[in-house]
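First up is the structure itself, then whatever we jot down about it.
Atoms within each ligand, like the ligands themselves, are counted from 1 in listed order.
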Amino acid sequence: MNGDVGETLLRCVSCGGEYKPSPRLFRCPRCGGLLEVVLGNLTWSPRGKGVWRYRGLLPQTKASPVTMGEGSTPLIASRLHKGLYYKFEGSNPTGSFKDRGMTVATTIALDNGARSVIAASTGNTASSMAAYASRAGLRPVIFLPRNKVAKGKILQSIAYGAVIVWVEGSFDDAISLAMKLSEEKQSYYPMNSFNPWRLEGQKTLYYEVFEDLGKAPDAMVYPVGNAGNISAGWKAAQELLMLGVADEAPRFLGVQAKGASPIADAVSRGLDKPVFVDRPETAASAIRIGKPVNWQKALKAIRESNGTAVMVSDEEIIQAQRTLARREGIIVEPASAASYAGYLRMLEEGLIDRGDTVVLVLTGHGLKDPASLESMVSNEIIVKPSVDIDELDRTLRAI
Ligand code: F0G
């Protein structure tokens with residue numbers, strides 16, 4: 001099935017201005033708004049595995065894809081709730097959904113002749129970018145908020161050889177600095193999600209859900225930080241409708257942590273523009289973001305899909321993380337557990353019906369944030385190899 005054949009464009013989500021793509025164009029020259037990619041030729045012809053299975057719905061690149069087989073992640077049926085599925089993005093090569101965008105953005109960076117790539121990050125974008133950049137022979141420079149990134153993600157980025165700039169401030173400070181550097185010094189190619197080419201890769205998560213279920217689910221639930229992923233999902237769902245591949249699109253539901261919830265707040269108060277949070281705070285460090293770059297796209301996704309957004313407390317997030325590990329066998333980081341906490345809250349508030357087909361996007365692997373697992377109650381004993389077997393048995397039964 002083919003859409004209209006035409007030229008690929010960048011379109012401003014604020015004023016609708018349309019522009020021919022060029023390597024350094026990331027903001028609307030007229031109004032400064034965010035841009036989205038409008039592909040000239042959309043083809044639904046899935047072939048092969050992973051992100052590049054959907055090549056017909058991705059930008060054409062001259063360079064061959066920088067890939068590690070990202071995507072094709074499992075859709076796991078819940079044992080606790082009827083109709084509920086988990087899309088486990090922790091099984092990507094660097095342990096988060098970011099790899100879907102990075103395979104595309106890194107390939108485009110090569111097309112554009114980039115040498116250094118930069119991104120600000122709460123951790124996952126950084127480690128993903130570092131991995132793909134190293135593989136492509138590009139120099140990764142990452143901007144991290146000091147003392148605010150989970151250990152596993154820092155070690156991953158170091159291992160992949162990233163240059164780290166520790167910013168004494170929040171993620172929002174780090175991204176403003178990275179944006180300024182890439183605007184003023186053209187030798188740094190930006191890989192944050194205001195780069196609309198990266199979000200094209202992130203659309204593939206939804207295509208996989210659609211193919212695995214054989215239909216659109218009733219709802220997709222995303223933890224929302226910088227708000228790129230939920231926006232990419234909605235773009236994907238609209239494309240499948242437009243091509244006549246799907247008859248329906250799901251509702252897009254966002255979850256934020258209390259203390260870092262400008263989008264959920266804007267939705268619940270019916271605001272056109274969020275009130276940004278100066279000092280975002282939550283245990284879910286990946287989504288500790290007060291000024292989401294993609295807020296316009298995310299509000300559009302939520303409102304046009306008849307969705308909504310809720311906020312959950314850190315206690316609800318930690319409880320959700322525990323339940324997923326102990327009752328479903330899935331370890332996720334706190335930001336990802338927010339989608340399950342949000343699901344429970346939305347069920348309770350009647351925003352989702354019991355039995356609806358709902359997909360929770362579990363964005364990142366729990367092993368990335370070992371400190372978040374330290375509060376789990378452990379059942380353990382220490383024994384000598386010569387321990388008496390009857391005594392060992394008695395002790396184990398008593399635990
Ligand atoms: N879950 C995890 C594990 C994340 O790392 C992020 C974002 C999100 C959810 C939210 O996705 O930003 O598209 O709304 N992490 C970014 C980073 C900000 O730097 O790794 P989003």
>> Tell me every residue that passes side chain to side chain contact (heavy atoms under 4.5 Å, CB included) with Ala249, counting only those two or more places apart in sequence or in another chain.
In response: Trp234, Ala237, Leu241
> Judged by atom type as modelled, is there a donor-acceptor pair below 3.5 Å linking the side chain of Lys203 to the main-chain atoms of Leu57?
Replying inline: yes
>> Could you walk me through whether Phe97 and Phe88 satisfy the ring-ring contact (aromatic ring centres under 6.0 Å, His included) test, starting with their C-alpha distance in whole Å, then the side-chain angles of each, then the deciding distance to 0.1 Å, before giving a yes or no?
In response: CA-CA 9 Å; Phe97 71 95; Phe88 184 52; over 10 Å; no
> Based purely on interatomic distance, does Ser336 place a nitrogen or oxygen under 3.5 Å from a nitrogen or oxygen of ligand 1?
Replying inline: no
> Is the side chain of Glu89 donor-acceptor paired with the backbone N or O of Gly95 at a distance under 3.5 Å, no angle test?
Replying inline: no
>> Quick test: of every protein heavy atom, which one is nearest to atom 11 (O) of ligand 1, and how far off is it to 0.1 Å?
In response: Phe97 CZ, 3.5 Å
> Picking from Met102, Met129, Arg100, what satisfies side chain to side chain contact (heavy atoms under 4.5 Å, CB included) with Arg198?
Replying inline: Met102
> Which of the numbered atoms in ligand 1 are below 4.0 angstrom from a heavy atom of Gly228?
Replying inline: 13 (O), 14 (O), 21 (P)
>> For atom 10 (C) of ligand 1, what's the nearest protein heavy-atom neighbour? Residue, atom name and distance, please.
In response: Gly225 N, 3.5 Å
>> Check this for me: does any side-chain nitrogen of one of Glu200 and Lys235 sit under 4.0 Å from a carboxylate oxygen of the other?
In response: yes
>> Could you check whether Glu316 pairs with Arg345 (Lys NZ or Arg NE/NH1/NH2 to Asp/Glu carboxylate O, under 4.0 Å)?
In response: yes
>> Using a 4.0 Å cut-off to any heavy atom of Asn226, which atoms of ligand 1 qualify?
In response: 12 (O), 14 (O), 21 (P)
> So which heavy atom in the protein is nearest atom 5 (O) of ligand 1, and how far is it from that ligand atom?
Replying inline: Asn124 ND2, 2.8 Å
> Given that the side chain starts at C-beta and the backbone is N, CA, C, O, which of these parts of Ile230 lies under 4.0 Å from ligand 1, counting heavy atoms, or is it both or neither?
Replying inline: neither
> Can you find a non-hydrogen atom of Ile289 under 4.0 Å from ligand 1?
Replying inline: yes
> Against heavy atoms of Thr125, which atoms of ligand 1 measure under 4.0 Å?
Replying inline: 16 (C), 17 (C), 19 (O), 20 (O)
> Quick one: nearest non-hydrogen protein atom to atom 8 (C) of ligand 1, plus distance?
Replying inline: Ile287 CG2, 3.6 Å
> At the 4.0 Å heavy-atom cut-off, does Ser193 count as touching ligand 1?
Replying inline: no
> Using 4.0 Å as the upper bound for N to carboxylate O, is an ion pair formed by Arg53 and Glu208?
Replying inline: no
>> So, 4.0 Å and heavy atoms of Tyr222: is ligand 1 close enough to count as a contact?
In response: no
>> Taking the side chain as everything from C-beta on, heavy atoms only, tell me whether Val221 gets closer than 4.5 Å to Tyr340.
In response: no
>> For Pro223, state whether at least one heavy atom is located under 4.0 Å from any atom of ligand 1.
In response: yes
> For atom 15 (N) of ligand 1, what is the nearest protein heavy atom, given as residue, atom name and distance?
Replying inline: Lys98 NZ, 2.9 Å
> Less than 3.5 Å between some nitrogen or oxygen of Ala227 and one of ligand 1, yes or no?
Replying inline: yes
> What residue and atom, counting heavy atoms only, is the protein's closest point to atom 4 (C) of ligand 1, and at what distance?
Replying inline: Ala286 CB, 3.6 Å
